[in-house]
Undergrad: 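Submitted below is the structure of interest, expressed as structure tokens.
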Amino acid sequence: MYTQHPADTVIVLDFETTGLSPNMGDRAIEIGAVKIQNGIVIDQFQQLMNPGFRVSSFIEGYTGITNKMLESAPSCHAVMDEFADFIQGYNLIAHNASFDQRFLDAELGMLNRQYSGDFVCSMLLARRLYQEAPNHKLGTLVNELNIPNDGTFHRALADAEITARLWLRLVNVVKDKTNLPSISFDVMRKLSKTSKASVPALIRKIAA
DNA sequence: TGCCAGGCCCTCTTTAGGGCCTT
């Protein structure tokens, strides 16, 4: 049985991992997440986790997370069990969400745990709402949109915080285009799945 | 040993191929 939460409260999450594919044996090494309610961060979650094997030098360089740091970290099992409690009942957001969803599904699957929220992808939304951006990498969007950041990238909590600011910016874009006082998660989800060409028509329909 | 992802989205498309994004 899942606890139900206000529909406008969402969790933005980001994984650092040993590679690109859980199907190829890759595991999570860090999870970061922020809980947003009414446009304000009200809670956060950050934890390194030990995948049970050494990470590559590429990942050490890319994330700044070293094998030394992971030696003393709790297991993926322990961390993800706690994280499953944190996200229970909330809708979820990530940049290129298909990636984070694969790892969330894989890690929770090993624990026989589930989650009830829907995922929305901030990258798919940015492709539709900022079609003029040179590309839709998180770092590029942060620079293009002057989203405040402390210069930390490729760490889970920092990326989750930045993605949260991007999400709120995207919500504001839809607010401005529709003149509506609030935009539901469900509307953002529909927008993220609409073809680029259909975005203006859907915006008009939402505003009507 | 060497290899290895996958979903979205565009187009010179749909009987396909390749770039984008994530680590």
Side-chain angles (χ1 to χ4, degrees), chain A residues 11-34 45-70 73 76 79-80 83 87 92-110 117-145 147 149 151-167 169-170 188-202:
Chain A
I11 288 177
V12 186
L13 64 89
D14 183 71
F15 278 106
E16 303 306 316
T17 70
T18 64
L20 293 173
S21 173
N23 286 340
M24 301 298 293
D26 288 316
R27 298 294 302 269
I29 56 173
E30 188 181 40
I31 180 68
V34 293
F45 188 105
Q46 186 275 326
Q47 186 62 59
L48 289 170
M49 57 192 116
N50 189 331
F53 54 90
R54 290 180 65 81
V55 302
S56 68
S57 56
F58 171 79
I59 292 298
E60 285 189 316
Y62 187 79
T63 65
I65 299 169
T66 63
N67 284 292
K68 184 81 177 168
M69 292 162 69
L70 294 174
C76 294
V79 173
M80 292 309 299
F83 189 64
I87 63 173
L92 305 169
I93 295 155
H95 200 69
N96 198 15
S98 67
F99 174 85
D100 294 277
Q101 184 169 12
R102 277 200 299 280
F103 276 93
L104 183 65
D105 290 352
E107 293 292 347
L108 294 192
M110 286 183 247
D118 286 325
F119 260 99
V120 164
C121 177
S122 58
M123 184 190 74
L124 295 182
L125 275 166
R127 280 180 178 170
R128 286 157 176 76
L129 297 173
Y130 292 115
Q131 297 186 20
E132 71 285 3
N135 63 59
H136 299 86
K137 294 177 185 176
L138 186 58
T140 301
L141 291 168
V142 163
N143 288 330
E144 288 288 314
L145 303 177
I147 291 174
N149 67 91
T152 304
F153 290 94
H154 307 306
R155 286 299 300 266
L157 182 59
D159 282 2
E161 287 172 336
I162 291 166
T163 303
R165 294 188 188 114
L166 172 62
W167 167 261
R169 198 71 72 86
L170 291 163
M188 297 298 277
R189 188 173 59 79
K190 280 178 185 159
L191 266 172
S192 76
K193 293 176 182 293
T194 300
S195 71
K196 273 188 192 177
S198 301
V199 166
L202 180 55

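Here is how names work: the chains are called A, B, and so on, in the same order as the sequence lines, proteins then strands, and each is numbered from 1.
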Undergrad: Treating A:Arg128 as the side-chain partner and A:Ser192 as the backbone partner, does any N or O pair qualify as donor plus acceptor under 3.5 Å?
TA: yes
Undergrad: Looking at every non-hydrogen atom in both residues, tell me the closest pair between A:Ala28 and A:Cys76 and how far apart they are.
TA: O-SG, 3.3 Å
Undergrad: Check for a donor-acceptor pair, side chain of A:Asn50 on one end and backbone N or O of A:Leu70 on the other, with a separation under 3.5 Å.
TA: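 Pair found, side chain donor or acceptor close to backbone of A:Leu70.
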Undergrad: Taking all non-hydrogen atoms of both residues into account, name the closest pair between A:Phe15 and A:Asp100 and its distance.
TA: N-OD1, 2.9 Å
Undergrad: For a quick check of understanding: with a heavy-atom distance under 4.0 Å over all strands, which category does A:Asp26 fall into, base, sugar-phosphate or nothing?
TA: nothing
Undergrad: Show each protein N/O and nucleotides 8-12 of chain B N/O combination with a separation under 3.5 Å, one pair to a line.
TA:
residue: B:dC9; atom: OP1; partner: A:Arg128; partner atom: NH1; Å: 2.7
residue: B:dC9; atom: OP1; partner: A:Arg128; partner atom: NH2; Å: 2.1
residue: B:dC9; atom: OP2; partner: A:Arg128; partner atom: NH2; Å: 3.4

Undergrad: Quick one: does any side-chain atom of A:Ser198 pair with a main-chain N or O of A:Thr194 as donor and acceptor, under 3.5 Å?
TA: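 No; judged by distance alone, with no hydrogens or angles, the pair does not exist.
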Undergrad: Could you state the CZ-P distance from A:Phe119 to B:dT22, rounded to the nearest angstrom?
TA: 15 Å
Undergrad: Rounding to a whole Å, what distance do you find between A:Asp100:CG and B:dG7:P?
TA: 14 Å
Undergrad: When the P atoms of B:dG6 and B:dG2 are considered, how many whole Å apart are they?
TA: 23 Å
Undergrad: Respond yes when some side-chain nitrogen or oxygen of A:Asn96 is under 4.0 Å from OP1 or OP2 of B:dG7, and no when none is.
TA: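 No, because none of the side-chain N or O atoms of A:Asn96 sits under 4.0 Å from OP1 or OP2 of B:dG7.
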Undergrad: Is there a donor-acceptor pair closer than 3.5 Å between any side-chain N or O of A:His136 and the backbone N or O of A:Ser122?
TA: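 Checking the backbone N and O of A:Ser122 against the side chain of A:His136, no donor-acceptor pair under 3.5 Å is found.
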Undergrad: Quick check on side-chain contact (heavy atoms from CB on, under 4.5 Å): which of A:Thr66, A:Ile65, A:Ile29 does A:Ile59 satisfy it with?
TA: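 Of the listed options, the one satisfying the test is A:Ile29.
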Undergrad: Roughly how far apart, to the nearest Å, are B:dC8 and B:dT13 at atom C1'?
TA: 15 Å
Undergrad: Looking at every strand, decide which applies to A:Phe103 at a 4.0 Å heavy-atom threshold: base, sugar-phosphate, or nothing.
TA: nothing
Undergrad: Between P on B:dC20 and NE2 on A:His95, what's the gap in Å once rounded to a whole number?
TA: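 Atom NE2 in A:His95 sits about 14 Å away from atom P in B:dC20.
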Undergrad: Within residues 153-162 of chain A, which residues have any heavy atom lying less than 4.0 Å from an atom of DNA chain B?
TA: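 Close to the strand are A:His154, A:Asp159.
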Undergrad: Nearest whole Å is fine: how far is B:dT23 P from A:Glu60 CD?
TA: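 Answer to the nearest Å: 17 Å.
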Undergrad: If we ignore hydrogens and angles and just use 3.5 Å, is the side chain of A:Asn67 paired with the main-chain N or O of A:Val55 as donor and acceptor?
TA: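 Yes: the side chain of A:Asn67 pairs with the backbone of A:Val55.
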Undergrad: Which of the following nucleotides, B:dG7, B:dC21, B:dA5, is nearest to the side chain of A:Ser98?
TA: B:dG7
Undergrad: In whole angstroms, how far is the P atom of B:dC20 from the CG atom of A:Leu20?
TA: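 For the pair A:Leu20 CG and B:dC20 P, the rounded distance is 15 Å.
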Undergrad: Specify the separation, in whole Å, of atom CG of A:Leu125 and atom P of B:dC20.
TA: 20 Å
Undergrad: Whole angstrom is fine here: how far is it from CZ in A:Arg102 over to P in B:dG7?
TA: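 From A:Arg102 CZ to B:dG7 P: 6 Å.
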Undergrad: Can you check the distance between B:dC9 and B:dT14, where both ends of the measurement are the C1' atom (answer in whole Å)?
TA: 14 Å
Undergrad: Determine the interatomic distance between P on B:dG18 and the same-named atom on B:dC12; round to the nearest Å.
TA: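 One P to the other, the span is 15 Å.
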Undergrad: Any idea which of B:dT23, B:dC21, B:dT22 is nearest the A:Phe58 side chain?
TA: B:dT23
Undergrad: What's the separation between atom CG in A:Leu48 and atom CZ in A:Arg155, rounded to the nearest 0.5 Å?
TA: 5.5 Å
Undergrad: Taking atom C1' in both B:dG7 and B:dT23, what distance in whole Å separates the two?
TA: 16 Å
Undergrad: Base, sugar-phosphate, or nothing: which does A:Ile29 touch, judged by heavy atoms less than 4.0 Å apart?
TA: nothing
Undergrad: Determine yes or no for a side-chain-to-main-chain donor-acceptor pair under 3.5 angstrom, with A:Thr163 supplying the side chain and A:Ala94 the backbone.
TA: no
Undergrad: Keeping A:Asp159 on the side-chain end and A:Phe153 on the backbone end, is there a donor-acceptor pair under 3.5 Å?
TA: no
Undergrad: When all nucleic acid strands are considered with a 4.0 Å heavy-atom cut-off, which category describes A:Asn135: base, sugar-phosphate, or nothing?
TA: sugar-phosphate
Undergrad: When the distance from CD of A:Glu16 to C1' of B:dT22 is rounded to whole Å, what number comes out?
TA: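 Rounded to the whole Å, the gap is 10 Å.
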Undergrad: Of A:Thr18 and A:Asn23, whose closest DNA chain B nucleotide lies nearer the 5' terminus?
TA: A:Asn23
